[in-house]
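Numbers restart at 1 for each chain; the letters A, B, ... are given by sequence-line order, proteins then strands. Note that this is a predicted model, so its numbers are computed, not measured. Side chains included, hydrogens not; waters and symmetry mates left out as well; all remaining heavy atoms used.
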Number of protein chains: 2
Amino acid sequence: MINQNIKIAVDAIVFGYERGTLYVLAVQQRFGKLADRWVLPGGFILDDEPLLTAVERELKEEAGITVNYLEQLGTFGDDVKRDERFRVISVAYFALVNPKNFVLKADTDAKDAKWFPVAEVPKLGYDHNEMVNLAHQRLKSKLTYQPIGFDLLDQEFLFSDLENLYCSILERDIDRRNFRKKILSFGIVTETDKVVKIGASGRPGKLFTFDKSKYNQLLKENFQFDIRFA
Amino acid sequence: MINQNIKIAVDAIVFGYERGTLYVLAVQQRFGKLADRWVLPGGFILDDEPLLTAVERELKEEAGITVNYLEQLGTFGDDVKRDERFRVISVAYFALVNPKNFVLKADTDAKDAKWFPVAEVPKLGYDHNEMVNLAHQRLKSKLTYQPIGFDLLDQEFLFSDLENLYCSILERDIDRRNFRKKILSFGIVTETDKVVKIGASGRPGKLFTFDKSKYNQLLKENFQFDIRFA
DNA sequence: CCTAATTTGTGTAAAAACAACACAAAGTTA
DNA sequence: TAACTTTGTGTTGTTTTTACACAAATTAGG
């Protein structure tokens, strides 16, 4: 008979993007040893609950959000004793959301929920800073080979929004013309006929949308999304 | 108080390569409900044992091998009841080994241990076929952007060995000249002065080695390993 | 209402990377 | 010694990537 004294939790690293800044969601613990401490949203899973469901539930409960993109990041828990009573192993999930779509609200377990700019994430409880770092790297690399940037933007966006997202997250300059040329060459971004002006001044721009079904179709034909240049 | 009735296991998908064929390691269970069934090597972790250590221990115990490369693949266990008594969540690891370096021996728990060509893996217990598939994809994609092929080869190898490894695992033709040109241009593969003849006939070839320290050095300078062509 | 400032939108040319391709050299076998 | 097998090597055309600048549409301010 196996006698194991380990509990399983899930945690989520939720990224949001707005006006040139990348944010991570954290919640402030209400109870327990680490009360008042900021941590990633997450918690123990139920016996009959799939891992993904557990993450979604916790995000709903602790911050009131539903994410656009969710995938497993990795499993942590080699050197952590969250609790004296047992070891905790946590399955971390990587998530993307458009912060504009939600008003954060700390419902159940959490005292507060807040977006921190990735550059200013405080010292979190447990091994959560480590998770944030790994997730941040994943975001950067994934941005170059999967069209996940769109999950951080509005459904309709200006080309400059997309461009700024890439610039700011990848922390480098991008040639505007080459970027547009390449993205458009894929055929997965469509121009709408809406023209808007968002900033204070300047020429109004067309709105674009990401054509997900077109992308899925291309995938079947061995298409490879790939954005990387000077 | 958390009341969770879940146990944690680790499993390993160990790939080996020899003479144009890619193999996966499986072990035959000695005890339990699935006695005689082939499964991936693995088992429950100990309360104070890091996950990686657990995998290494199991591989040693069940098959007598030590791997060249080991990384976490993902965590499974949403729809599996290995055991009626509790749910099992398993952290799967992806591993590479050179089969020539070991004689498989099924020491402790396992009745037998065996290499199956990936194309001929039988129906395994639990969700292990799913894990093998995911690991196989990971191997294929990783081969193109990380120099992990070398972990499947002898320390000294012929250029044709490397080339055949890529051909057979990626299942496509490679232009011998372009492949050699590209690999050599990275500067991470060094020519030794040994010349050997392995097959029955033909011109003897030089042996090469993978210069790992050179690779690590290049990584710091933003080098990106990348092999993909017709 | 005119000028300066801001943002969108667009094409071309040079450089680099990639793809396609064939034959001589060194050995073995019959 | 002729036929076979495997290693080793360069060039050329094509495609992709990079670098780069100016006109159009609007707002703000004098």
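- Backbone-only engagement by K206(B) is indicated by non-hydrogen atom pairs under 4.0 Å involving sugar-phosphate atoms exclusively.
- Distance from the side chain of S201(B) is smallest for dT5(D) among the nucleotides dT8(C), dT18(D), dT5(D).
- Distance D226(B) CG to dT16(D) C1': 14 Å, rounded to the nearest Å.
- Nearest to the side-chain atoms of K197(B) among the listed nucleotides dC21(C), dT28(C), dT7(D) stands dT28(C).
- Residue R176(A) has its side chain nearest to dT10(C) when only dT11(D), dT10(C), dT17(D) are considered.
- Atom-to-atom, CG of D173(A) to C1' of dC20(D) comes out at 14 Å; the value is rounded to the nearest Å.
- When distances are taken from the side chain of R203(A) to each of dA25(D), dG10(D), dA26(C), the shortest belongs to dA25(D).
- When side chains are defined from C-beta on, L40(A) counts as touching M131(A), because their heavy atoms get closer than 4.5 Å.
- Contact between the side-chain N/O atoms of K181(A) and the OP1/OP2 oxygens of dG11(C) is not found at any separation under 4.0 Å.
- Checking dA21(D), dA19(D), dT26(D) against every side-chain atom of R177(A), the shortest atom distance belongs to dA21(D).
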Between K142(A) and Y69(A), does a side-chain contact (heavy atoms from CB on, under 4.5 Å) hold up when you go through it step by step?
CA-CA 12 Å; K142(A) 208 137 194 169; Y69(A) 182 86; 3.7 Å; yes
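- Residue R180(B) places no side-chain atom within donor-acceptor reach of the base of dG8(D), judged by atom type and a 3.5 Å distance cut-off alone.
- At whole-Å resolution of the value, CD in E163(B) and P in dT7(D) are 8 Å apart.
- Contact of the E61(A) side chain with the P41(A) side chain is not registered, since no non-hydrogen atoms from C-beta on lie closer than 4.5 Å.
- Taking for each of V195(A) and N178(A) the nucleotide of DNA chain D with the nearest heavy atom, the 5'-most of the two is the partner of N178(A).
- If you take NZ of K182(B) and P of dA16(C), they are 16 Å apart, rounded to a whole angstrom.
- Atom pair I227(B):CD1 and dC18(C):C1' shows a separation of 12 Å (rounding to whole Å applied).
- Atoms CG (L184(A)) and P (dT8(C)) sit 14 Å apart, rounded to a whole Å.
- Remark: S160(B) is in phosphate contact with dT7(D), judged by side-chain N or O atoms under 4.0 Å from OP1 or OP2.
- Inter-residue side-chain proximity for P122(A) and L124(A) is flagged as met; some heavy-atom pair is nearer than 4.5 Å.
- The nucleotide whose nearest atom lies closest to any side-chain atom of D175(B) is, among dA20(C), dA19(D), dC18(C), dA20(C).
- Separating the CZ atom of F159(A) from the P atom of dG9(C) is a distance of 9 Å, rounded to the nearest angstrom.
- Residue E71(A) qualifies as enclosed at atom CD: its count of foreign heavy atoms under 6.0 Å is above 12.
- Comparing R228(B) and G202(B), the nucleotide of DNA chain C nearest to each residue sits closer to the 5' end for R228(B).
- Residue D161(B) contributes atom CG, which lies 12 Å from atom C1' of dT6(D) at whole-angstrom precision.
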